[in-house]
Amino acid sequence: DSLLKILKGEDPVELDYFKSFLIAELTIENYFFWRDANEWKKRYSDMKRSERYEGFCYIFDTYIDHNSILWINISSDDYQEIKRLDNELYLDIPDTILDKCIGTVFSYMSVQSLPK
């Protein structure tokens, strides 16, 4: 997938152009969320429970909370599910908690941003 290659930075020039485009379109938060959420998932098994939760809270507060400055556009159902799991599981947050949001943001970037 060409978007995945761009997002992974296989060609740094392409990634820079893509990020510049997202900035111009006022949607750079999608890239930052995708990057941070995937990095959190990648490091999940190497982190202590408290570090996992701290990383999750950073992502939630930065991108998912409706008052965040880099708020991403996700469905209300996905938002409510993340809030429910956070409240119920606290430190036992699963590594899959952000998967739907990652998929939504990736789809948005591939449909709305990549073709342009």
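The shown structure was predicted, so the numbers you read here are calculated from the model rather than taken from an experiment.
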Honestly curious: do Val13 and Leu7 fall in one hydrophobic cluster under the side-chain, below-4.5 Å linking rule? no
Pro94 versus Leu89: any side-chain heavy-atom pair under 4.5 Å? yes
Are any non-hydrogen side-chain atoms of Tyr17 and Ile6 less than 4.5 angstrom apart? no
Looking at residues at least two apart in the chain, or sitting in another chain, which of them share a side chain to side chain donor-acceptor pair (under 3.5 Å) with Asn67? none
In Å, rounded to the nearest 0.5 Å, how long is the span from CD1 of Ile82 to CD1 of Ile97? 6.0 Å
Considering residues at least two apart in sequence or located in another chain, which fulfil the ring-ring contact (aromatic ring centres under 6.0 Å, His included) criterion with Tyr53? Tyr90
Rounded at 0.5 Å granularity, tell me how far CG in Asp92 sits from CG in Leu85. 11.5 Å
Please name the pair of heavy atoms, one in Arg52 and one in Met47, separated by the smallest distance, quoted to 0.1 Å. NE-O, 3.4 Å
Could you check if a side-chain atom of Phe56 sits within less than 4.5 angstrom of a side-chain atom of Leu98, using non-hydrogen atoms only? yes
Taking only residues two or more places apart in sequence, or in another chain, which ones meet Lys19 in a side chain to side chain contact (heavy atoms under 4.5 Å, CB included)? Leu15, Asp16, Ile28, Tyr31
Pair listing, salt bridge (Lys or Arg N to Asp or Glu O under 4.0 Å) test, anchored in residues 31-46, at least two apart: Glu39-Lys42, Lys41-Asp99
Tell me, please, which residues at least two apart from Asn73 pass side chain to side chain contact (heavy atoms under 4.5 Å, CB included). Trp71
Using the side chain to side chain contact (heavy atoms under 4.5 Å, CB included) criterion, which residues pair with Thr27? Sequence neighbours excluded. Leu22, Glu25, Glu29, Asn30, Tyr108, Ser113
Sequence-distant partners of Tyr63, ring-ring contact (aromatic ring centres under 6.0 Å, His included), two or more places apart: Phe33
Using the ring-ring contact (aromatic ring centres under 6.0 Å, His included) criterion, which residues pair with Tyr44? Sequence neighbours excluded. Trp40
Measure the CD1-CD1 distance between Ile64 and Ile72 for me, rounded to the nearest 0.5 Å. 5.0 Å
So how far is it from Lys83 NZ to Ser76 OG, rounded to the nearest 0.5 Å? 12.5 Å
Could you tell me which residues satisfy salt bridge (Lys or Arg N to Asp or Glu O under 4.0 Å) with Glu88, sequence neighbours excluded, listed by chain and number? Arg84
Suppose the criterion is salt bridge (Lys or Arg N to Asp or Glu O under 4.0 Å): which pairs have a residue in residues 53-78, not counting sequence neighbours? none
Leu4: which residues meet the side chain to side chain contact (heavy atoms under 4.5 Å, CB included) condition with it, sequence neighbours left out? Asp1, Lys8, Trp34, Phe106
Just how far is it from atom CD of Glu14 to atom OG of Ser2, taken to the nearest 0.5 Å? 8.0 Å
